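Only one structure is covered here, and it is reproduced in the block below.
The basis for the numbers below is simple: all heavy atoms, side chains too, and nothing from hydrogens, waters or symmetry mates. Bear in mind the structure is a predicted one, so any value in this text is a computation, not a measurement.
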Amino acid sequence: MSSESSGFLFLKEDHDEVISEPSDCWDILIVDDDPAIHSVTKLALSGLEYKGAGFRFHDAYSGAEAIAILSQKNSISVIFLDVIMETDDAGLQVVRRVREELNNQHVRIILRTGQAGSIPEEKVTREYDINDYKTKTELTRSKLVTSLITAIRSYEQIGQLEYQHKAMDSILSASKSILGQTDIKVLCRRIIKHLSVILQCPDKGLICSKLDGNNYIQVLGGCTRYETYFGENLAEVDSRIYDEVEASFSQKKHQYTDTSATFFLRSKHRKAAIYIECDEVITRTQLQFAEIFFANVSIALDNVRLFVKLRDAAYRDVLTGISNRTNFIERIERYQKLQKNEYLLVLLDVMNFSDVNNGLGQEVGNKLLIAIVERLKEIYPTAKLLSRIGADVFGFVILKNEFNITDFNEKLSISFCAAEHILPVGFKIGLCQQQDFQSTGIETLKVAYIALNQAKKNKHKEGVYYCVDMEDAIAWRLGIIRQLRHDFARNKLEVWYQPQLAFNDLSLIGCEALLRWPLENGTYISPAVFIPLAEDAGLIVDIGQWVLEQACQQQKRLESAGADICIAVNVSVPQFKVKGYAQTVKNTLLKYGVQPKNIELEVTESVVMDELETVINTLQELKKLGVEVAIDDFGTGFSSLSYIQSLPIDRLKIDRAFIKGLPNDDTGAIAALVISLGAKLGLKTIAEGVETQEQAKFLKDLGCDEVQGFMYAKPMPEHELIEFINKQNN
């Protein structure tokens with residue numbers, strides 16, 4: 001349009017405007033193809049303020065340019081829009097596109113035209129969502145200001161209505177989302193997200209609580225980076241946030257800063273606060289809706305049993321008051337940092353804790369656990385994540401430079417007071433360095449347990465540090481057990497036999513059944529390797545019974561061939577613990593028709609010394625059946641001599657450890673002692689592992705009754721045993 005018509009902007013003024021430095025701006029878009037209109041409009045409105053905010057102007061010289069600006073900038077509050085530009089209805093097309101294509105219903109539009117009557121005013125206001133439609137000659141400066149302020153107010157009211165609608169929707173949505181929620185972490189996350197909608201700020205914040213009379217402020221949960229603070233002491237998380245929350249608690253009111261807001265909530269026994277990052281000033285309307293929302297928050301928090309009672313139940317050990325396994329697993333994850341090795345995870349296992357419970361009662365056992373926790377707190381007050389991981393296992397994280405294993409063991413070795421009892425307690429310690437922490441808490445605990453289990457196998461008191469080789473060894477061990485299960489199920493195990501001879505004439509008196517595990521490549525896995533694994537895996541009872549049955553069948557075949565000899569079968573500790581073991585043996589002998597005198601059971605000292613009374617009763621039952629019993633590896637233990645008289649046994653077997661050094665070694669004295677003891681008790685003695693003539697002569701001179709070893713015969717499969725027997729008979 002021609003600039004000549006711009007003079008209307010300087011007609012008589014109705015009032016003066018206050019000019020001040022604006023603190024913020026309202027964005028105004030001037031759309032007109034005449035540059036002079038842009039200049040005079042800005043000049044007329046210069047220095048104008050509304051609610052402390054000035055005006056910032058943007059220019060568009062065509063309808064297309066206006067749409068481009070509005071597509072990228074949604075902060076425009078008012079458009080001064082010329083009707084006739086590149087086309088006669090260019091301005092009306094802009095209105096249509098703003099409302100329909102851009103779906104912008106907020107921006108207020110003041111249509112201006114320099115050609116009065118070109119488009120009927122009634123038709124325009126009826127069909128288009130505009131704030132005003134005036135000819136340019138109508139708009140004096142004061143009327144221009146009035147139209148602008150009216151449009152701004154309308155824009156503001158629409159924004160408030162939309163905000164109120166959103167806020168109410170958020171509150172209603174929150175009612176469904178948070179009420180009845182039982183997961184405190186999820187609840188806190190949702191509260192922050194809903195509050196951020198009401199306050200129109202990012203969802204970055206946390207919720208914390210504090211018991212009356214307690215200075216400990218605990219983080220219940222939060223959003224974004226604050227979510228990782230779950231369960232932490234706020235004072236250790238962020239001192240600035242702690243100060244703000246503590247001020248809110250002490251003054252019992254909301255607190256505001258330039259970058260955040262802290263809202264105070266009060267319950268019967270516990271205080272709570274919501275901290276949220278908020279750069280903008282919170283308006284009165286926002287605060288009113290927030291207060292409505294807080295009523296729902298209080299109900300939701302009460303629904304999780306007074307804020308953290310549920311969390312306490314799920315994450316705290318009831319007996320000792322420290323964190324439990326679940327809490328430990330969740331919180332240890334944050335210590336997993338690549339390229340760092342500052343911390344150490346310590347796992348502590350109480351040795352023979354079940355003996356305390358069984359012997360002195362569970363109450364004393366509980367008091368002992370509490371005393372151990374107090375000792376740990378006293379030794380390492382700076383330790384983190386002190387937790388009860390299992391019934392008698394504790395764990396904590398500590399800086400490596402604050403931990404000394406020798407000093408730790410010394411302080412733990414001091415006896416504990418539990419009720420009226422003074423109890424010396426032993427511990428096994430597994431250690432895992434931060435560099436070995438895994439990506440998840442459960443995996444980190446797993447590797448620490450690997451070290452702890454290794455420590456349990458070691459006799460020394462020093463702790464064991466985890467290393468990757470341990471895990472490789474476990475993987476190998478599990479692979480071996482899996483293969484053993486597979487091969488045993490498919491009858492791939494074998495039983496070989498090593499002859500036993502009388503020392504006086506070297507006649508065959510029997511043989512020992514020995515388990516062998518062949519591999520497909522023709523090699524064999526040593527029994528010293530797979531027998532302990534079979535015991536740990538719970539396979540040894542089934543395998544032991546299978547060996548007994550194989551021995552019975554072998555005995556019957558030998559008997560049919562004219563060889564009436566006794567076969568000795570080894571019995572493990574787990575087999576002896578099976579209820580009714582003696583009856584199982586009896587049933588097996590009856591099943592295969594074997595005379596009891598032709599089967600001997602060899603039990604180790606470890607079997608004898610484990611639950612002695614039960615063992616004696618079982619041995620007596622076996623004796624009544626007529627089954628002979630030998631003590632295998634005799635002399636390797638330390639307690640058998642004091643009980644040997646009460647055991648219903650027939651034979652003492654001298655362990656190969658006392659044979660291999662004969663006759664020059666000091667072990668000859670032990671061999672002599674065993675042989676002499678056997679003679680005085682009326683028991684036969686058999687030496688195993690005899691490999692040289694010198695060993696044989698020494699033992700025979702001592703009065704040993706029987707012999708077994710490579711010098712006379714190696715363990716052999718059945719067909720070789722038959723050949724050996726035939727040679728003996730010829």
(Q) With side chain to side chain contact (heavy atoms under 4.5 Å, CB included) as the test, pick out the partner of Leu376 among Val346, Leu348, Ile322. (A) Leu348
Q.
Applying ring-ring contact (aromatic ring centres under 6.0 Å, His included), can you list everything that pairs with Phe710, at least two apart in sequence or on another chain?
A. none
Q. How far apart are the closest heavy atoms of Leu501 and Leu506, and which atoms are they?
A. CD2-O, 3.9 Å
Q | Tyr343 to Val397 - nearest heavy-atom pair and separation | A | CD2-CG1, 3.6 Å
Q | Heavy-atom closest contact (Cys704 atom, Glu706 atom, distance) | A | SG-O, 3.4 Å
Q.
Would you say that Asp436 contacts Leu345 through its side chain, given a criterion of any heavy-atom pair below 4.5 Å between the two side chains?
A. no
Q: Ignoring hydrogens and angles, state whether a donor on the side chain of Glu621 or Asn617 is under 3.5 Å from an acceptor on the partner side chain.
A: no
Q.
So, using side chain to side chain donor-acceptor pair (under 3.5 Å) as the criterion, who are the partners of Gln500 when residues are at least two apart?
A. Gln708
Q.
With a 6.0 Å cut-off (strictly less than), is the heavy-atom count around NZ of Lys400, excluding the residue itself, greater than 12?
A. yes
Q. For the atom pair NZ (Lys653) and CG (Asp632), what is the distance rounded to the nearest 0.5 Å?
A. 5.0 Å
Q: Find out whether Lys492 and His486 are in side-chain contact, i.e. whether some heavy atom of one side chain is under 4.5 Å from a heavy atom of the other.
A: yes
Q) Considering all heavy atoms of both residues, which atom of Phe394 and which atom of Ile389 are nearest to each other, and what is their separation? A) C-CG1, 4.1 Å
Q) If you take all heavy atoms of Leu360 and Val364, which pair is closest and at what distance? A) O-CG2, 3.5 Å
Q: Please answer whether the main-chain N or O of Lys660 pairs with a side-chain N or O of Gln695 as donor and acceptor at a distance below 3.5 Å.
A: yes
Q: Indicate the atoms forming the closest heavy-atom contact of Leu619 with Ile649, along with that distance.
A: CD1-CG2, 4.4 Å
Q) To the nearest 0.5 Å, how far apart are CG in Leu721 and CD in Gln728? A) 10.5 Å
(Q) For a quick check under 3.5 Å, do Thr440 and Glu443 share a side-chain donor-acceptor pair by atom type? (A) no
(Q) Students often mix this up, so state it plainly: with edges at 30° and 60°, are the rings of Phe488 and Trp546 parallel, tilted or perpendicular? (A) perpendicular
Q. Is there a ring-ring contact (aromatic ring centres under 6.0 Å, His included) between Phe437 and Tyr335 once you walk through the steps?
A. CA-CA 8 Å; Phe437 287 10; Tyr335 287 91; 7.2 Å; no
Q.
Distance alone, cut at 3.5 Å: any donor-acceptor contact between the side chains of Gln554 and Gln550?
A. no
Q: Please check if atom NZ in Lys623 has more than 12 non-hydrogen atoms from other residues, nucleotides or ligands closer than 6.0 Å.
A: yes
Q: Report the C-alpha distance between Tyr524 and Glu494 in whole Å, list the side-chain angles of each, state the deciding distance to 0.1 Å, and finish with yes or no for side-chain hydrogen bond (donor to acceptor under 3.5 Å, both in side chains).
A: CA-CA 10 Å; Tyr524 286 80; Glu494 299 174 357; 3.2 Å; yes
